[in-house]
Amino acid sequence: MLISAEAVKKVEPLIKKSINDDKSGRSKYLGKIVIGTVKGDVHDIGKNLVATILGASGFEVINIGVDIPAIEFVNVIKKESPDIVALSALLSVGVVEMGKVINEIINNGLREKVKVIIGGPCVDDESSKKIGADDYGLSAVDAVKIAKKVLS
Ligand code: B12
C-alpha cells in the first residue's frame, strides 16, 4: 500500500502539468471549492485526484489536506467563502465525521451559503441523504458532474 501511495504521489505533478499544458480544453471559471479528507482519515490519493480534475475543469480549488476536524472546515468556509465544500473519506467511519462537518456548518449558520458534496468508496445515496449532503460521488468524474449540478 505504501509503495503504491508513494508512486501515485510522484506521478501527481506530471498529471497536473499535462492537464495545465493542454490549454485548449480549459473551461471558464465555475466557482470555488474547498476540499479535504475528514478527521481520523489520512487517505489523500483519491482526494488529490478529485482536486486536480476539478481544478482542470474550471473550479478554483483549495485543498486543505487530510485529517481535518469539523471546526477547521468551518473556519476555512468563513475565511474563503467557497461555493462548495467537498468532503472525502476512505474509512467507513468517515461518513460519521462527514455528518459532524455538516452539523458544525449548520451550527455556525453557514448551511445556506455553501453546498456540501461528499465522496469516497464508503458513501452512497442513503448515507448522503442521512447526513444531509447535497450530493455524493464515487469518482473524480462524478465530482465534476455533481459540483456543476449543485450550483445549477
Ligand atoms: C493507499 C491506501 C492506504 C495508504 C494511504 C496513503 C495516502 N496518502 O492516501 C496508507 C498506507 C497510509 C493507508 C492507511 C490505512 N488504511 Co488504507 N488503503 C489504501 C488503499 C490500498 C488504496 C486507496 C487509494 O488511494 N485508492 C486509489 C484512489 C484513486 O481511489 P479513492 O481513494 O477511492 O478515490 C476515488 C473515489 O473514492 C472518489 N473520491 C474520493 N474522495 C472524493 C471526494 C469527493 C467529493 C468525490 C465526489 C469523490 C471522491 O474519487 C477518487 C478518484 O476516482 C485502500 C484499498 C483500496 N483498494 O481502495 C486501503 C483502505 C482504504 N485502507 C484501509 C485501512 C483499514 C487503513 C488503515 C486503518 C490500516 C491500518 N490498520 O493502519 C490505515 C488508516 C490510516 C488513517 N487514519 O486514515 C481500508 C478501509 C476499510 C474501511 N472501509 O474502513 C481499505 C479499504 C483497505 C482494506 N480493504 O481494508 N491506506
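Order of listing sets the numbers, starting from 1, for every ligand and every atom in it.
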Heavy-atom nearest neighbour of atom 48 (C) of ligand 1 within options Gly119, Ser88, Ser92, Ala51: Gly119

Verdict with supporting geometry, Arg111 and Asp134, salt bridge (charged side-chain N to carboxylate O under 4.0 Å, His left out): CA-CA 10 Å; Arg111 191 64 183 95; Asp134 290 294; 2.9 Å; yes

Nearest-contact summary for atom 27 (C) of ligand 1 - protein heavy atom, Å: Ile45 CG2, 4.5 Å

Within-cut-off N or O pair, Tyr136 and ligand 1, under 3.5 Å: no

Test item: Phe59 and Leu151 side chains (from C-beta on) under 4.5 Å apart, heavy atoms: yes

Candidate pair Val66 and His43, rule side-chain contact (heavy atoms from CB on, under 4.5 Å), full reasoning: CA-CA 7 Å; Val66 297; His43 295 88; over 6 Å; no

Within reach of ligand 1, part of Val66 (heavy-atom separation under 4.0 Å): neither

Within-2.8 Å protein N/O/S contacts of atom 17 (Co) of ligand 1: His43 NE2

Where ligand 1 meets Pro121 - atom numbers and elements under 4.0 angstrom, heavy-atom basis: 33 (O), 37 (O)

Sub-4.0 Å protein heavy atom next to atom 22 (C) of ligand 1: no

Smallest separation among heavy atoms of Ala89 and Gly94, with atom names: CB-CA, 3.7 Å

Ligand 1 atoms in contact with Gly40 (distance to a heavy atom under 4.0 Å): 76 (C), 77 (N), 78 (O)

Close side-chain approach of Ile84 and Val34, heavy atoms under 4.5 Å: no

Donor-acceptor contact present, side-chain Lys32 to main-chain Glu80, <3.5 Å: yes

Distance (rounded to the nearest 0.5 Å) between Leu87 CG and Tyr136 OH: 15.5 Å

Contact (N/O only, under 3.5 Å) between Lys47 and ligand 1: no

Transitive ILVMFWY side-chain link Val42 to Val101, under 4.5 Å: no

Closer than 4.0 Å: a protein non-hydrogen atom to atom 69 (C) of ligand 1: no

Protein heavy atom under 4.0 Å of atom 89 (N) of ligand 1: no

4.5 Å side-chain heavy-atom contact, Ser127 and Ile131: no

Verify atom 54 (C) of ligand 1: protein non-hydrogen atom under 4.0 angstrom away: no

Close side-chain approach of Lys113 to Ile77, heavy-atom, < 4.5 Å: no

Protein contact to atom 38 (C) of ligand 1 [nearest heavy atom, distance to 0.1 Å]: Leu138 O, 3.5 Å

Heavy-atom protein neighbour under 4.0 angstrom from atom 10 (C) of ligand 1: no

Single-linkage hydrophobic cluster, 4.5 Å side-chain cutoff, Ile117 and Val141 together: no

Min side-chain heavy-atom separation Val95-Lys130 under 4.5 Å: no

Ala143: numbered ligand 1 atoms lying under 4.0 Å from its heavy atoms: 47 (C)

For atom 75 (C) of ligand 1, closest protein heavy-atom neighbour: Val42 CG2, 3.7 Å

Worked check of salt bridge (charged side-chain N to carboxylate O under 4.0 Å, His left out) between Asp83 and Lys115: CA-CA 6 Å; Asp83 302 291; Lys115 300 288 181 189; over 6 Å; no

Distance-only side-chain donor-acceptor flag, Asp125 / Ser128, under 3.5 Å: no

Student check: side-chain heavy atoms of Met98 and Val116 closer than 4.5 Å: no

Numbered atoms and elements of ligand 1 in range of Asp41, under 4.0 angstrom, heavy atoms: 78 (O)

Test item: protein heavy atom less than 4.0 Å from atom 45 (C) of ligand 1: yes

Sub-4.0 Å protein heavy atom near atom 57 (N) of ligand 1: no

For atom 49 (C) of ligand 1, the option (of Ile84, Val141, Val50, Val123) bearing the nearest heavy atom: Val50

Is_contact(atom 5 (C) of ligand 1), protein non-hydrogen, under 4.0 Å: yes

Closest to atom 8 (N) of ligand 1 (judged by heavy-atom distance), picking from Ile3, Asp44, Leu87: Asp44

Heavy-atom side-chain contact between Lys100 and Val38 under 4.5 Å: no

Heavy-atom nearest option to atom 37 (O) of ligand 1, drawn from Gly46, Cys122, Gly120: Gly120

Nitrogen or oxygen atoms of Val93 and ligand 1 under 3.5 Å apart: no

Within-4.5 Å side-chain heavy-atom neighbours: Ile64 and Phe73: yes

Ile102-Val76 co-clustered via ILVMFWY side chain contacts under 4.5 Å: yes

Close-contact set for ligand 1 against Ala140 heavy atoms, below 4.0 Å: 50 (O), 52 (C), 53 (O)

